[in-house]
Amino acid sequence: MLKKVVWEMCVRLASDVVKVCVTGAAGQIAYSLLYSIAKGDVFGPDQPLCLTLLDIAPMMGVLEGVVMELNDCAFPLLREIIPTADEKVAFSGVSAAFLVGAMPRREGMERKDLLAANVKIFKSQGQAIDQFANKDIKVLVVGNPANTNALICSFYAPSIPRENFSCMTRLDQNRAQAQIAARLGVRNDAVENVIIWGNHSSTQFPDVRHATVEISPGKRIPVYDAVKDDNYLKNEFVTTVQTRGAAVIKARKLSSAMSAAKAACDHMRDWWIGTQDNKWVSMGVVSPGVYGIEKGLMYSFPVRIQNKTWTIVEGLEINEFARKKMDATAVELKEEKDQAMDICKA
Ligand SMILES: NC(=O)C1=CN([C@@H]2O[C@H](COP(=O)(O)OP(=O)(O)OC[C@H]3O[C@@H](n4cnc5c(N)ncnc54)[C@H](O)[C@@H]3O)[C@@H](O)[C@H]2O)C=CC1
Ligand SMILES: O=C([O-])CC(=O)C(=O)O
């Protein structure tokens, strides 16, 4: 009898393990990301994990070192680590994937300058996900240009619902939230419902028209009323968020990594576990044609999430200023999409 109970417990434990893939696993974002995932920050403090770590063949030596360090952390939730350069091994049976592996930009480049170098990675990984991953996999694309790479990845994985592909604009959301909090001298989490519209690029539109801030315990007011400076919110604030990635590269000579990893964790955790009550988060998702944004573009919208399903927050008033910004970033996404399709078909 005891033997049977123990056996059943073992079976349950084994089947409870969630398989998660991280690509670019030997790179700088992954170095922070893997730590947080393995610790339980994303899938919950009781969720056992198997991590598959994909990188290219020449990086297998470095990846071996990352695996050693993960083992040396002695994480209770980490049941198995599979380092590999083979997409089939990396994506087989996977329920959640962080697609980080791609070339980062250097000083003076725009993210779309990476298209030619990176988009084929996402075509190939889309095809592998289509063949080998679980059909309900949740895919977060971080590698730049993130929106267009996510679109291509989903295009080449036709057996997986398009809603299961997203790209990361959470870093932009976190940046916007932190800028407002600093301006008002409040905690970062006092600021809610900041929106990032569009592309994870310098045309994105960080919008605080619908955001609120708790300025004193229990007192929440619109950010516009708290800041009382329309000129700042429409100009300096927008530009600061749009160009923050470039500012980090200029200072560090490397692109954001710790903050990118934190944002990837925030994004996937909210997708997996759900958003709270009236809070919105921004993520790049395939446009269903709302807010006048062409159907099929991978565009960042405010969403609520329940049961691992996102729903765009609809009905927000869009003024003339916002309309222009939202359209400009959509135009850029359309251009990137056409260019990416040409590269993939060549
Ligand atoms: N969406 C966002 O908010 C952000 C996106 N990024 C982007 O994330 C990407 C990764 O950045 P870092 O980790 O700093 O770069 P990194 O150069 O440190 O690491 C990239 C890793 O990807 C690997 N890789 C290259 N091709 C691969 C393939 N086909 N399959 C698997 N792995 C592959 C490389 O060997 C390398 O180990 C870049 O494209 C960067 O621009 C960075 C910050 C924020
Ligand atoms: O700016 C870059 O190239 C890296 C990135 O996406 C970011 O920091 O937002």
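As the structure is a computational prediction, the values presented were derived from the model and not from experiment. Order of listing sets the numbers, starting from 1, for every ligand and every atom in it.
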Nitrogen or oxygen atoms of [X] and ligand 1 under 3.5 Å apart:
X: Val142; value: yes
X: Gln28; value: yes
X: Leu171; value: no

Minimum-distance protein heavy atom relative to [atom]:
atom: atom 37 (O) of ligand 1; value: Asp55 OD2, 2.7 Å
atom: atom 30 (N) of ligand 1; value: Gln125 NE2, 3.3 Å
atom: atom 27 (C) of ligand 1; value: Ile56 CG2, 3.5 Å
atom: atom 6 (O) of ligand 2; value: His200 NE2, 2.6 Å
atom: atom 2 (C) of ligand 2; value: Arg105 NE, 3.2 Å

Taking every non-hydrogen atom, the tightest pair across [X] and [Y]:
X: Ala226; Y: Ile215; result: CB-CG2, 4.2 Å
X: Val18; Y: Gln47; result: CG2-NE2, 3.3 Å
X: Ser124; Y: Glu87; result: OG-OE1, 2.8 Å

Handout entry: Asn144 contact mode with ligand 2 (heavy-atom cut-off under 4.0 Å)
Key =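 Side chain only.
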
Practice task
Provide the number and element of each atom of ligand 2 under 4.0 Å from a heavy atom of Ser255.
Solution key: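 Near Ser255, the atoms of ligand 2 are 4 (C).
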
Problem - Which of the ligand 2 atoms, numbered from 1, are nearer than 4.0 Å to a heavy atom of Gly245 - result: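 Contacts of ligand 2 toward Gly245, numbered from 1: 1 (O), 7 (C), 8 (O).
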
So if I count the atoms of ligand 1 from 1 in the order they appear, which ones are less than 4.0 Å from some heavy atom of [X]?
X: Gly24; answer: 21 (C), 22 (O), 23 (C), 31 (C), 32 (N)
X: Val100; answer: 8 (O), 9 (C), 10 (C)
X: Ala102; answer: 9 (C), 10 (C), 20 (C), 22 (O), 38 (C), 39 (O)
X: Ala260; answer: 43 (C), 44 (C)
X: Met103; answer: 38 (C), 39 (O)
X: Met59; answer: 35 (O), 37 (O)

Practice task
Quick one: sort the Phe237 and Tyr232 rings into parallel, tilted or perpendicular, breaks at 30° and 60°.
Solution key: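 Geometry flag for Tyr232 against Phe237: tilted rings.
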
I want to confirm something. Looking only at heavy atoms, which of [options] is nearest to [atom]?
atom: atom 42 (C) of ligand 1; options: Leu99, Leu140, Thr23, Ile29; value: Ile29
atom: atom 15 (O) of ligand 1; options: Gly101, Gly27, Ala85, Pro104; value: Pro104
atom: atom 41 (O) of ligand 1; options: Asn144, Asn147, Ile249, Val62; value: Asn144

Handout entry: Aromatic centroids of Trp197 and Tyr291 separated by under 6.0 Å
Key =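 Aromatic pair counts; centres sit under 6.0 Å.
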
Problem - Aromatic ring proximity Phe165/Phe155, centre distance under 6.0 Å - result: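 So the answer is no for these two rings.
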
In this structure, does ligand 2 have an atom that sits under 4.0 Å from one of the heavy atoms of [X]?
X: Arg175; answer: yes
X: Val248; answer: no
X: Arg244; answer: no

Practice task
Answer yes or no for Lys308 and Trp272: cation-pi contact, defined as NZ/CZ to six-membered ring centre under 6.0 Å and angle to ring axis within 45°.
Solution key: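 Here Lys308 passes the 6.0 Å and 45° test against Trp272.
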
Problem - Row check, Phe75 ring normal vs Lys39 NZ/CZ: under 6.0 Å, within 45° - result: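 Judged by the rule (NZ or CZ under 6.0 Å from the ring centre, within 45° of its axis), Lys39 is not positioned above Phe75.
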
Handout entry: The single option from Leu233, Val241, Asn188, Val186 passing side-chain contact (heavy atoms from CB on, under 4.5 Å) against Ile180
Key =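 Result: among Leu233, Val241, Asn188, Val186, Leu233 is the only option passing the side-chain contact (heavy atoms from CB on, under 4.5 Å) with Ile180.
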
Contact partition for [X] relative to ligand 1, non-hydrogen atoms under 4.0 Å:
X: His200; answer: side chain
X: Ile121; answer: side chain
X: Arg111; answer: neither

Exercise for the section: Output yes when the distance from some N or O of ligand 2 to some N or O of Ser256 is under 3.5 Å, and no in every other case. Expected result: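 Yes, Ser256 has an N/O under 3.5 Å of an N/O on ligand 2.
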
Exercise for the section: Verify, without hydrogens or angle tests, whether Thr23 (side chain) and Val100 (backbone) share a donor-acceptor contact under 3.5 angstrom. Expected result: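 It does hold such a pair.
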
Practice task
Examine distances only and state if a side-chain atom of Thr329 and a backbone atom of Asn199 form a donor-acceptor pair shorter than 3.5 Å.
Solution key: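 Yes; at least one donor-acceptor contact below 3.5 Å.
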
Practice task
Check whether any side-chain heavy atom of Glu332 sits under 4.5 Å from a side-chain heavy atom of Thr203, and report yes or no.
Solution key: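 Counting from C-beta outward, Glu332 and Thr203 do come under 4.5 Å.
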
Practice task
Check if Ser256 has a non-hydrogen atom at a distance under 4.0 Å from any atom of ligand 1.
Solution key: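 Heavy atoms of Ser256 do come under 4.0 Å of ligand 1.
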
For [Y], is there an ion pair with [X] - N to carboxylate O distance below 4.0 angstrom?
X: Glu192; Y: Arg220; answer: yes
X: Asp41; Y: Lys262; answer: no
X: Asp207; Y: Arg209; answer: no
X: Glu214; Y: Lys219; answer: no

